[in-house]
Amino acid sequence: MVRSFALVLLATACGGPSTIAAEKPGPRGLRADQHLAMAAREDDRATQLTTWPDNRPGPVTGPGERMVSVAWTGTWDTAEDHRRLANIHRSAAAQLDAEYQEACGSTPAEIVTVSPLQRYGIGGGPTAGGANVIVTAEAGTPARLLGELRCHRAWMMLGPNDMDDCPLDLPGLHVHAHGDANAIELEMTVDDPKLIPELQRRAAHDLEMATHRVHTTR
């Protein structure tokens, strides 16, 4: 059974929840490592509430009498609440992990971690609804290429990856592929019209990176 990146990240998340959980969520929400870090934080808080009661000085009942210490409790912040939140975050991380497993299976890391747009891109440009990217026929069939795109998109939701320039990480993204023996054209659109300029910028970035990869591998 393949052990996914999300499960490997569990140790890192538990080791430093305050750092990872504080990161800003990506365009598509919290990543798996962030969910695991927040789950660890909620577990810690539940443990604190169970073992460290909030001891505060009690009222003075008479002149000259010493203040006593009493335990204050509040049902609005219980250990059970934090354990429930921890389980929610762990379930969300597990769902992202399952989506990665379904999309990528045993695909090698060197394939998963590089966007197919950068690996195969040879041209393209902006459109009224988004952007077009033309990829070389080396990408295989349109169905195979869409599978690689889906896999890379699922991988981005696992851990701390710099995806600020990747068009595949935008929410509401739609990709339609068609082509022949010479090339495949990807039509990329987004649901939110306000994201069209960002999609175009990111697509142009990946095409530039694709050109750079071609020059450096020759």
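Quick caveat, the model's predicted, so the values are computed rather than measured.
Counting all heavy atoms, side chain and backbone alike, Arg144 lies closest to Tyr120 at NH2-OH, 4.3 Å. Heavy atoms only, all atoms of each residue included: Arg201 and Asp165 are closest at NH1-OD1, 2.8 Å. Contact detail for Pro25 and Leu30: the closest heavy-atom pair is CG-CD2, 3.6 Å. Scanning all heavy atoms of the two residues, the minimum distance from Pro142 to Gly179 falls at CG-N, 4.3 Å. Leu170 and Leu199 get closest at one heavy-atom pair: CD1-CA, 3.6 Å. Ala103 and Ala154 make their closest contact through CB-CB, 4.0 Å (heavy atoms, listed as atom of the first residue, atom of the second, distance).
Gln200 CD to Thr127 OG1: the interatomic distance, rounded to the nearest 0.5 Å, is 6.5 Å. Separation of atoms CZ (Arg45) and CG (Asp81) is listed at 11.0 Å; rounding is to 0.5 Å. We find the CD1-OG1 distance between Ile184 and Thr136 to be 8.5 Å, quoted to the nearest 0.5 Å. Here Gln101 contributes atom CD and Ser106 contributes atom OG; the two are 9.0 Å apart, rounded to the nearest 0.5 Å.
Considering only heavy atoms from C-beta on, Val133 comes within 4.5 Å of Leu207 through its side chain. In this structure the side chain of Glu99 never reaches within 4.5 angstrom of the side chain of Trp155, judged on heavy atoms. Counting heavy atoms from C-beta on, the side chains of Glu187 and His174 never come closer than 4.5 Å. A 4.5 Å side-chain heavy-atom check between Leu149 and Leu145 finds at least one atom pair inside the cut-off. By the 4.5 Å heavy-atom criterion applied to side chains, Asp169 and Arg28 are counted as neighbours. Annotation: side chain of Pro116 is not in contact with side chain of Ile111 (no heavy-atom distance under 4.5 Å). In this structure, Met156 and Leu168 have side chains that are in contact, with non-hydrogen atoms separated by less than 4.5 Å. Inter-residue side-chain proximity for Leu186 and Leu117 is flagged as met; some heavy-atom pair is nearer than 4.5 Å.
Of the charged side-chain nitrogens involved, at least one lies within less than 4.0 Å of a carboxylate oxygen, so that Glu148 and Arg119 count as a salt-bridged pair. The residues Arg202 and Asp164 are annotated as not salt-bridged, no charged nitrogen and carboxylate oxygen being separated by less than 4.0 angstrom.
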Item to check | Audit row: His152, Cys166, side chain to side chain contact (heavy atoms under 4.5 Å, CB included) steps and yes/no | outcome: CA-CA 10 Å; His152 184 70; Cys166 184; 4.2 Å; yes
Checklist entry - Where do Glu42 and Arg84 land on the salt bridge (charged side-chain N to carboxylate O under 4.0 Å, His left out) test, with the steps shown first? => result CA-CA 9 Å; Glu42 297 295 344; Arg84 177 179 56 81; over 6 Å; no
Checklist entry - Can Met188 and Asn132 be said to form a side chain to side chain contact (heavy atoms under 4.5 Å, CB included), step by step? => result CA-CA 6 Å; Met188 307 176 69; Asn132 279 2; over 6 Å; no
Next on the checklist: Between Leu36 and His89, is the side chain to side chain contact (heavy atoms under 4.5 Å, CB included) condition met? List the steps.
Outcome noted: CA-CA 6 Å; Leu36 290 173; His89 282 296; over 6 Å; no
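Panel note: side chain Arg83, backbone Thr78; no donor-acceptor pair is recorded below 3.5 Å. A donor-acceptor distance shorter than 3.5 angstrom exists from the side chain of Gln34 to the backbone of Arg31, with no hydrogens or angles considered. Proximity of a side-chain donor or acceptor of Gln118 to a complementary backbone N or O of Asp206 within less than 3.5 Å is not detected.
One hydrophobic cluster holds both Val135 and Leu146 under the rule that ILVMFWY side chains link at heavy-atom gaps under 4.5 Å.
For the side-chain contact (heavy atoms from CB on, under 4.5 Å) test with Asp43, the passing option among Met38, His82, Arg90 is Arg90; the others fail.
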